[in-house]
Every structure is written in structure tokens, then in C-alpha cells.
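Because the structure is predicted, anything quoted here is derived from the model rather than measured.
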Amino acid sequence: MEWSLNTGIGKTGVVLAALVAIAMCVLSLIYHPVEIAPIQYGLCLPSPDSWNIDPIWSWAVNAVLIGLISLLAYLINKSYNFIRTTEPVFQALFLIMACSSPWYTQSINTSVLLCVANVVCMGIIFGTYKTRNATQQMFTLGIVVGIGSMFQYAFLPMAFVYLLWSLFMKVLRVKETLAFIIGILCPYWIILGIGWLHISDFHFPSITPLFTLTGDFSDFFVLLAGIALAAVIGFIVTLINSIKLYAGNSKVNAMNLCISTLGAACVVCIIVDYDNIMAYVTSLYLACALQMGNICALWNPKMPWLVSALPAACYVGIFVCSMIF
């Protein structure tokens, strides 16, 4: 088929993005290995960043999880059609963004695992719109937060995000709220009840806001540049998309509000919790990529391939900088 400037990236673009993402993962492993210090950021169990797994297997599983996030987002959109376009912008863009830094591709890490949890919970909550009984789904979301927070406290802010999601889906009632709270507490109740852990094993992390730091940011400059770019693009595109979403289908609007809330929460957590900054970045990239996908659905740009090509080029450039510096 003849290609023109007015066509989208199509399946070819997704395949190309996947190949570029794989190449970035391989190159960062071979030429720019990152020493990630063991972090004890779980409330009672070791963080995923400190799991003692063979480096190659850890890298391979993490790469598969990044691909799985893109696939799950595609399947959720196929089921609920919250981004009404066949143009696979968000799948391709997310793969490039998520693989643009060795900090997220070197090994199994909290950032990717939290994003997996978020996309799974997104799929669960989207199926509850205006249902009379969503206690099972809310309990499941609570379980995700409870188990996740044992290993990494970054899951705890997601509890507020998921409650907002249930509000947007019009299922936030007393019994659903109680089911959600019980779901969070259930894993802790079990491990304390069977004597696996004791109260003395619990510890609470210290929070260091971004704007209170006075140290040298040079080591993380490229990383922060990628985060700032996603935050700015996501904010601008969310505002642009909201113009048409507000007057559109209420269910589609509610689902896109969930995406916007996730992105906003990640930005807030990055600012408030700088010490744990990397935990929220992959979820921010997912929210940003989904918003970019909506540009094609809502505004039908004349050259839709630019919607993914320009940001992708920026993040490939960020990857190159991370390899050099």
C-alpha cells in the first residue's frame, strides 16, 4: 500500500517501535549497565529493586512485562473503546518511552510492576461502570494495593487513585468502599495472623520532597528530562482532549478521567516523594501515551504519524544522551 504524509503509523509503526524498544533494552544492558542500589521501600518486605534474581533473567522478565503493559492497554481499549481510533499510537509510543532509560529496563523494578498493577486495575474498574454491585472488583483492587505496599510503599498512593476511579465509574458506595479497605488490610491480617511477620518488622519510609533538595542533579539530569517532558506533554494534551471529551459520551469521558487522574497522581508523587521518584515514572509514561493516542481519536490530525513520531524521536534522543552521559 502506498504511504503518504496523511496516513498513520499502522501495524508497521508498532512493529518498528517494538524493534527500537528491544534494541534500546539490549544496548542499555550491554553498554550502559546501571548499578541500582538495594532499596528497602516496602512496608514489611524487600522492594522488587532488591530481589536477588539472575541479572539476565531479571532483565528479560522486565522487558516482557513492558511489552505486556502495552498489550494489556491495547486489549482494554479493544474491550471498552475509550480511545476511539484504530491508529496504534499509544502502544508504539509507550514502548519507546518505557525503554528510553536503563533505569527501567535493567532489571525487574517497582516502576514497571506498579504500571502492570495499574493497567490491570484499570481493566477491572472500567468493567464496573454504573453496576449495582462492584464489591468484588473493589476488593480485588484493595488486594493489589495491600500486597503491593508490602513490597513498595508507592502502591499506597494508588489507593486514592483507585477510589477516584470508582467515583468516576459511579460505583463508589459504602459497601464498595468497605470492600476496598478490607482488601487492603487482608494481606496484612493474614501475614500477621500466621506469624510470618510481626509488628516489629514493619517500618515507614521517610519522604523527601523534590523542592527541598539542594544536591547535585547531574547524575539524574537525563532521567529528569524524560520525566519533565512526559509531564508537560501529558498536561497540555489532557487539556486539549478535555475540550471534546467533556461534551462526549459520559462513559468514555469517565474512563479518560481515570487516565488523567493516574497521570496527575504520578506527577504529584514524583514531586512529593523524590527519593522514590522512579517508582512512578512508567505509569506516568503510560498515562501520557494514552493521552497522545486520544489526539488521533478526537482531533483527526492531518498527519497522524507525527503524533507518535515526534515524541518517540525525543525519547530516542533521551536514550542516546543516557548512553553518552
Side-chain angles (χ1 to χ4, degrees), residues 17-18 21-22 24-25 36 39 41-43 45-51 53 57-80 82 90-127 137-162 165 183-184 187 227 230 255 258-259 261-263 265-266 269-270 276-290 293:
I22 292 171
M24 290 193 293
C25 288
I36 300 177
I39 304 172
Y41 276 155
L43 294 185
L45 294 172
S47 167
D49 305 86
S50 62
W51 292 350
I53 302 174
W57 278 107
S58 184
W59 169 84
V61 171
N62 189 72
V64 170
L65 289 175
I66 292 174
L68 180 63
I69 294 169
S70 181
L71 176 61
L72 288 175
Y74 163 75
L75 293 175
I76 293 170
N77 187 54
K78 188 175 181 180
S79 297
Y80 300 107
F82 57 92
F90 69 83
Q91 299 98 311
L93 187 54
F94 171 76
L95 289 173
I96 299 293
M97 295 173 75
C99 297
S100 62
S101 172
W103 294 99
Y104 315 120
T105 60
Q106 206 80 162
S107 60
I108 294 175
N109 59 84
T110 300
S111 190
V112 171
L113 291 175
L114 179 60
C115 191
V116 171
N118 284 331
V119 75
V120 169
C121 290
M122 190 182 296
I124 293 172
I125 201 69
F126 282 1
Q137 293 90 334
M138 293 301 295
F139 178 78
T140 302
L141 266 60
I143 288 287
V144 170
V145 173
I147 294 176
S149 61
M150 289 180 175
F151 294 93
Q152 235 288 354
Y153 73 85
F155 279 80
L156 287 177
M158 296 302 112
F160 300 99
V161 174
Y162 297 165
W165 287 2
I184 295 175
I227 295 171
M255 289 186 285
C258 293
I259 298 168
T261 303
L262 176 62
C266 289
C269 288
I270 286 169
N276 201 22
I277 186 173
M278 287 181 285
Y280 311 102
V281 176
T282 307
S283 295
L284 172 63
Y285 286 169
L286 175 65
C288 180
L290 290 170

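- For the residue pair T105 and A98, the shortest heavy atom distance occurs at CG2-O, 3.9 Å.
- Taking 4.5 Å as the limit, every side-chain heavy atom of C258 sits out of range of all side-chain heavy atoms of M122.
- At least one side-chain heavy atom of M158 sits less than 4.5 Å from a side-chain heavy atom of L114.
- At a threshold of 4.5 Å between non-hydrogen side-chain atoms, the residues I125 and M138 count as touching.
- Side-chain atoms of S111 come within 3.5 Å of backbone N or O of T282 as a donor-acceptor pair.
- Between the CD1 atom of I270 and the CG atom of L284 there is a distance of 5.0 Å, given to the nearest 0.5 Å.
- Contact check for Y162 versus N118: side-chain heavy atoms found under the 4.5 Å cut-off.
- More than 12 heavy atoms of other residues, nucleotides or ligands shown are found within 6.0 angstrom of OH on Y80.
- Proximity of N77 to F90: side-chain heavy atoms (C-beta onward) are separated by under 4.5 Å at one or more points.
- The CG atom of L156 lies 11.0 Å from the CE atom of M150; values are rounded to the nearest 0.5 Å.
- Between the CD atom in Q137 and the SG atom in C121 there is a gap of 11.5 Å [rounded to 0.5 Å].
- In this structure the side chain of S47 reaches within 4.5 angstrom of the side chain of T110, judged on heavy atoms.
- Closest heavy-atom contact between Q152 and P48: CG-CD, 4.1 Å.
- Minimum heavy-atom separation, A73 to L286: CB-CD1, 4.3 Å.
- For the pair F82/L290, a side-chain contact is recorded, criterion being any heavy-atom separation below 4.5 Å from C-beta on.
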Could you pull out all donor-acceptor pairs under 3.5 Å where a side-chain atom in residues 58-68 meets a protein atom, sequence neighbours excluded?
unit_1	atom_1	unit_2	atom_2	d
S58	OG	I108	N	2.8
W59	NE1	C25	O	3.2
N62	OD1	N109	ND2	3.2
N62	ND2	Y104	O	2.6

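- Smallest separation of non-hydrogen atoms from W51 and P46: NE1-O, 3.2 Å.
- Distance OG/S149 to CD1/I184: 7.5 Å, rounded to 0.5 Å.
- Pairing each heavy atom of P187 with each of I147, the nearest pair is CG-CG1, 3.7 Å.
- The structure places SG of C99 at 11.0 Å from OH of Y285, a figure rounded to the nearest 0.5 Å.
- Put simply, OG on S107 and CD1 on I53 are 8.0 Å apart, with the number rounded to the nearest 0.5 Å.
- Residues passing the ring-ring contact (aromatic ring centres under 6.0 Å, His included) test with F94: none are found, sequence neighbours excluded.
- Contact record, L95 with A21: O-CB, 3.7 Å, taken as the closest heavy-atom pair.
- Using a 4.5 Å heavy-atom cutoff, the side chains of W165 and T261 are in contact.
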Set out, in order, the CA-CA distance, both residues' side-chain angles and the distance that settles side-chain contact (heavy atoms from CB on, under 4.5 Å) for V120 and V144, then state yes or no. CA-CA 10 Å; V120 169; V144 170; 5.9 Å; no

